[in-house]
Amino acid sequence: MTTQDTRRDADSSRDSPRAAVPDSEATQVMAVGAQDLADPPTTALPIIPPPPVEDPAPPTWVERNRPTIDRWLSPALAVLALAMLPLAVATTDLAALDGWGLAKVLGAPAWLALLFAIGACLSELYAKRPRIPMLGAATAVLILCSTGLPSVIQPAARFGTAWTITGFVDAVAVANGVPPQGLDARFSWPAFFAQWAWFREAAGADQLDVVLRWFPAAVVAVWAIGIYALARSMLGGSRAPWAAAWLFVGLNWIEQDYFSPQATGICLLLTVLTFALGPLATRRTDASGVPGWPAPHVGAKRLPLWHRWVVSAMTPPNRPTLPPRQLLLVYFCAALCILAVIPAHQLTPFAILGQLALLALVGRYRGRGLVLIGILGVLVFILIAARPIWTTQIGLFIGDGNTGAALEAGVADRLTGDFGQQIVKYGRFLVAALSYGLGFLGAIIYWRRRRDLVPIGLAVVPMGFAAQGYGGEGFLRILLFGLPILTILGTDLLRFLVRWRGWMKPVLAVGMVALFAMLIFLRGGNDSYQVVYPRDAEMYRQVVATTPPGQNVMPLSDPGPFAIEGLTMYGRGGGIEGCGRIAPATDKIGCIAQINPDVIVNFGSIEAQGVYLYLNKPGWSLDLANTLIAQGTYYMWFQDPTDPYDFVLRKTGAPVIDSATQGRPG
Amino acid sequence: MPSAAELTRARTARRGVAVMLVVAGVVACLLNVFDVAGGSGLRLALTVGFLLLGPGWAAAGFLRRAPAAHMWLLTVGVGVATTLLAAQVMVSATWWHPDLMLYIVTALSVPFLLRHAVVAQ
């Protein structure tokens with residue numbers, strides 16, 4: 001029925017008795033009807049036949065079983081990955097380690113474990129409704145099968161520096177909480193050593209070997225939680241934060257997660273940053289986008305840039321939506337974290353304060369007082385608690401400003417070793433460049449999406465350490481402090497790619513496999529001389545138990561569990577130009593003659609370092625020992641029957657005490 | 001917006017964590033008082049676990065409507081920070097009493113943990 005049907009047509013008007021009635025309405029209608037004696041023919045729209053109904057394609061096996069797959073595939077893969085780990089231990093030949101590192105000697109089950117772990121993560125991520133607990137469990141398995149793989153496969157903690165730090169903990173514990181003075185600058189920031197000395201004493205333990213072994217995996221898990229929480233605030237979504245956490249784990253070849261103050265410091269940094277950019281985050285504009293400063297008159301000349309900056313800086317940020325008590329709780333906890341890191345590590349407080357200061361300057365969080373608290377804390381610690389540092393070692397803070405020397409020590413001097421070692425090190429530079437590339441490209445995407453360049457500024461702030469001239473590890477720290485933000489920005493880029501081109505999903509899945517394989521290759525690249533066996537630690541403890549205090553005990557180089565006990569009881573010789581380490585020295589016999597140690601300790605890892613990093617000929621350490629023995633100046637006090645390079649030389653005539661009568665120092 | 005069932009599960013989990021930490025703290029103190037040998041590292045694991053998580057959960061338990069990641073991050077952060085500062089206080093004050101400090105931290109944390117075990121946010 002159309003609107004025309006409601007009108008009386010000409011015929012009906014003629015037949016109707018009302019047609020003669022001249023009322024106004026009828027007149028109008030009749031007038032129309034009189035002009036057009038008949039309605040124009042209705043033009044019917046052509047009927048378009050519907051397209052032939054095709055039978056819907058039968059659902060594929062995957063579509064039919066999607067709920068079951070979503071529910072069970074990820075847990076099954078995670079369990080498979082864990083089941084592969086004992087097989088990985090059994091099939092990895094650590095004795096075959098060379099300059100190519102761990103990746104070369106890993107058995108197939110280790111690689112399968114990694115593959116299954118990645119599969120567990122991705123299958124849950126691509127599920128229709130990803131489950132947060134399952135994603136968390138899959139991430140834990142992924143960390144265990146990648147960063148934690150050396151902890152699983154090797155019988156003791158790798159990395160000589162971790163063992164050195166446990167020696168620092170021991171020194172604080174046996175001295176009843178008094179850090180040794182003048183021995184190492186790191187004792188000027190003793191909180192971390194005292195913390196673990198306290199734990200050790202309170203638990204009635206006399207060593208922390210197990211803690212050392214599992215520390216990297218545990219601390220990277222905490223970092224991953226931090227990245228996930230930070231990415232939730234910065235990126236939003238339910239999948240991207242997990243991808244950010246995985247990207248961070250995959251790009252973290254830096255190996256600053258060993259038992260160390262900086263590893264703990266990063267936990268605190270991430271805590272503060274997460275709450276500053278999460279619950280405390282705000283802007284200088286209100287929710288409706290109105291600027292906090294009165295708008296200029298229409299047509300008024302625009303203020304100069306510096307004036308706008310001043311106005312912006314003076315406009316207080318809006319209050320976050322948290323209730324006041326919650327706000328106070330978060331302030332309190334963040335202040336606690338900032339204050340705690342000050343006596344624990346020399347660089348991390350400056351990284352936190354630099355990043356917070358930038359955020360405060362641009363008004364991105366409520367609580368600028370945190371920066372003030374941090375600055376006051378640093379000043380109080382330096383001026384009062386650590387007076388010896390600034391009176392004698394002020395250079396540790398201000399540096400020598402020699403960025404060129406720092407660059408040489410941090411970059412150029414590390415490109416040594418055999419072909420495998422050089423490939424590993426160039427690979428590390430490549431991945432570092434990839435991290436910055438992803439971060440800066442991600443910053444462009446972030447800018448297009450949110451008109452915000454502050455996050456990339458957070459990654460740039462730590463670059464100030466390059467000017468400080470911290471030393472060889474300074475560049476590792478710069479990358480470490482910037483990596484959380486770089487990975488989150490990189491994830492924004494990856495998300496953009498996936499949304500832009502759907503086929504990028506499988507490409508990125510393959511990329512994830514490649515990234516984690518690269519991670520194992522790069523992190524384990526030095527394992528030929530970083531691997532430690534329990535017998536090495538036992539041998540050194542025997543040396544401590546049988547050597548009278550005051551003697552000089554010296555290793556032939558850095559690797560291995562040296563100085564894990566008795567740090568303050570023995571000298572190490574040293575102070576002779578060109579003889580800092582014996583392994584790379586050109587005149588090894590001459591160096592030993594000048595240093596004149598009472599005890600020389602060697603581990604298999606030192607032999608390997610000499611071969612693969614310093615290019616000595618295989619067997620150089622044993623040849624050196626034999627030469628010293630032939631000279632009659634030293635004798636072989638101990639040689640491990642399973643590893644001839646684990647040996648202890650003692651100076652002829654130097655006193656040795658019976659280990660049964662020697663109690664534990666302290 | 002999480003469903004009521006999810007919220008209930010989250011509250012139950014928070015209660016469970018608080019109860020476990022109370023037990024860990026008390027057992028760590030008892031093992032310390034009676035100087036029970038470390039054995040297979042159980043005492044070390046209990047003591048370190050409680051000291052790193054107990055004070056943190058006591059503080060983080062007050063956080064409302066926070067995702068689990070924020071809760072755990074704050075727990076670890078505050079736990080690490082508290083123990084670092086406590087250790088530094090012992091060093092700076094030349095008052096080295098690891099046992100006593102364990103008892104103090106436990107005594108300060110357990111009431112809040114018990115509160116969180118009863119009233120989960």
Side-chain angles (χ1 to χ4, degrees), chain A residues 132-133 136 172-173 175-179 190-206 208 210-211 222 225-226 228-230 232 241 261 264 267-268 270-272 274-275 278-279 322-323 325-326 329-330 332-334 336-344 381 384-385, chain B residues 6 9 13 28-29 31-32 35-38 40-48 50-52 55-56 59-60 62-103 105:
Chain A
I132 290 180
V172 174
N176 284 326
V178 180
F192 177 80
F193 314 129
Q195 179 196 32
W196 282 95
W198 167 29
F199 291 174
R200 208 183 85 168
E201 300 266 298
D206 56 358
L208 296 169
V210 178
V211 174
V222 175
I225 294 174
Y228 168 76
L230 199 53
R232 269 179 71 114
T264 305
C267 295
L268 299 176
L270 284 173
T271 306
V272 174
T274 298
F275 281 86
L322 280 181
R325 283 186 184 176
Q326 294 283 295
L329 174 71
V330 174
F332 172 75
C333 294
L336 201 69
C337 292
I338 293 172
L339 290 177
V341 83
I342 291 169
F381 179 73
I384 298 173
Chain B
E6 284 170 333
R9 274 202 297 274
C29 287
L31 292 175
N32 184 286
D35 198 17
V36 178
S40 58
L42 179 69
R43 183 177 162 191
L44 181 66
L46 268 178
T47 309
V48 172
F50 172 73
L51 285 174
L52 286 182
F62 287 104
L63 213 56
R64 283 184 181 182
R65 289 181 296 174
H70 282 192
M71 282 288 296
W72 281 106
L73 192 65
L74 196 67
T75 298
V76 175
V78 173
V80 167
T82 307
T83 48
L84 277 173
L85 286 173
Q88 181 63 35
V89 165
M90 285 197 285
V91 167
S92 298
T94 57
W95 183 80
W96 185 252
H97 291 284
D99 300 346
L100 205 54
M101 191 55 95
L102 170 66
Y103 306 149
V105 170

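Chain naming here is simple, since letters A, B, ... match the order of the sequence lines and numbering starts at 1 in each. Just so it is clear, the values below take in all heavy atoms, side chains as well, and ignore hydrogens, waters and symmetry mates.
- The candidate from A/Ile342, A/Ile225, A/Leu270 with the greatest count of non-hydrogen atom pairs under 4.5 Å with chain B is A/Ile225.
- Highest contact tally toward chain A, considering only B/Val48, B/Val78, B/Thr83, B/Asn32, is held by B/Thr83 [criterion: heavy-atom pairs under 4.5 Å].
- The structure places CE of B/Met90 at 10.0 Å from CD of A/Gln195, a figure rounded to the nearest 0.5 Å.
- Counting heavy atoms from C-beta on, the side chains of A/Leu322 and B/Arg65 never come closer than 4.5 Å.
- One finds the CZ atom of A/Arg325 at 10.5 Å from the CZ atom of B/Phe62 (value rounded to the nearest 0.5 Å).
- Heavy atoms closer than 4.5 Å to chain A are found in the side chain of B/Val76, but not in its backbone.
- Neither the backbone nor the side chain of A/Ala334 comes within less than 4.5 Å of any heavy atom in chain B.
- B/His70 contributes atom NE2, which lies 8.0 Å from atom CG of A/Leu230 (distance to the nearest 0.5 angstrom).
- The two atoms that bring B/Asp99 and A/Ala202 nearest to each other are OD1-CA, 4.0 Å, heavy atoms only.
- With a 4.5 Å cut-off on side-chain heavy atoms, B/Leu52 and A/Phe199 count as touching.
- Within the 4.5 angstrom heavy-atom criterion, no atom of A/Phe332 approaches chain B.
- The candidate from A/Cys337, A/Gly136, A/Ala205 with the greatest count of non-hydrogen atom pairs under 4.5 Å with chain B is A/Cys337.
- Counting only distance, with no hydrogens or angles, the side chain of A/Trp198 and the backbone of B/Ala87 share no donor-acceptor pair below 3.5 Å.
- Side chain of A/Gln326 to main chain of B/Leu63: no donor-acceptor pair is present (N/O by atom type, distance under 3.5 Å, no hydrogens or angles).
- Looking at B/Val80 and A/Cys267, their side chains never come closer than 4.5 Å, going by heavy atoms from C-beta outward.
- Contact record, B/Gly77 with A/Thr271: CA-OG1, 3.8 Å, taken as the closest heavy-atom pair.
- Of the atoms belonging to A/Val222, heavy atoms from both backbone and side chain fall under 4.5 Å from chain B.
- Residue contact with chain B, scored on non-hydrogen atoms closer than 4.5 Å, is absent for A/Val272.
- A/Thr274 places none of its side-chain heavy atoms less than 4.5 Å from the side chain of B/Leu74.
- For A/Leu336, the parts sitting under 4.5 Å from any heavy atom of chain B are the backbone and the side chain alike.
- Taking CD from A/Glu201 and CG from B/Leu102, the interatomic distance works out to 12.0 Å, rounded to the nearest 0.5 Å.
- Between B/Gln88 and A/Phe192, the closest side-chain pair of non-hydrogen atoms is not below 4.5 Å.
- In this structure, the side chains of A/Val178 and B/Val91 stay at 4.5 Å or more apart for every pair of heavy atoms.
- Proximity to chain A (any heavy atom under 4.5 Å) is shown, for B/Leu73, by both the backbone and the side chain.
- Applying the side chain to side chain donor-acceptor pair (under 3.5 Å) criterion to B/Thr47, with sequence neighbours excluded, gives no partner residue.
- With a threshold of 4.5 angstrom between heavy atoms, B/Ala59 approaches chain A through its backbone and through its side chain.
- Taken from CG in B/Leu44 to CG in A/Asp206, the straight-line distance is 10.5 Å, to the nearest 0.5 Å.
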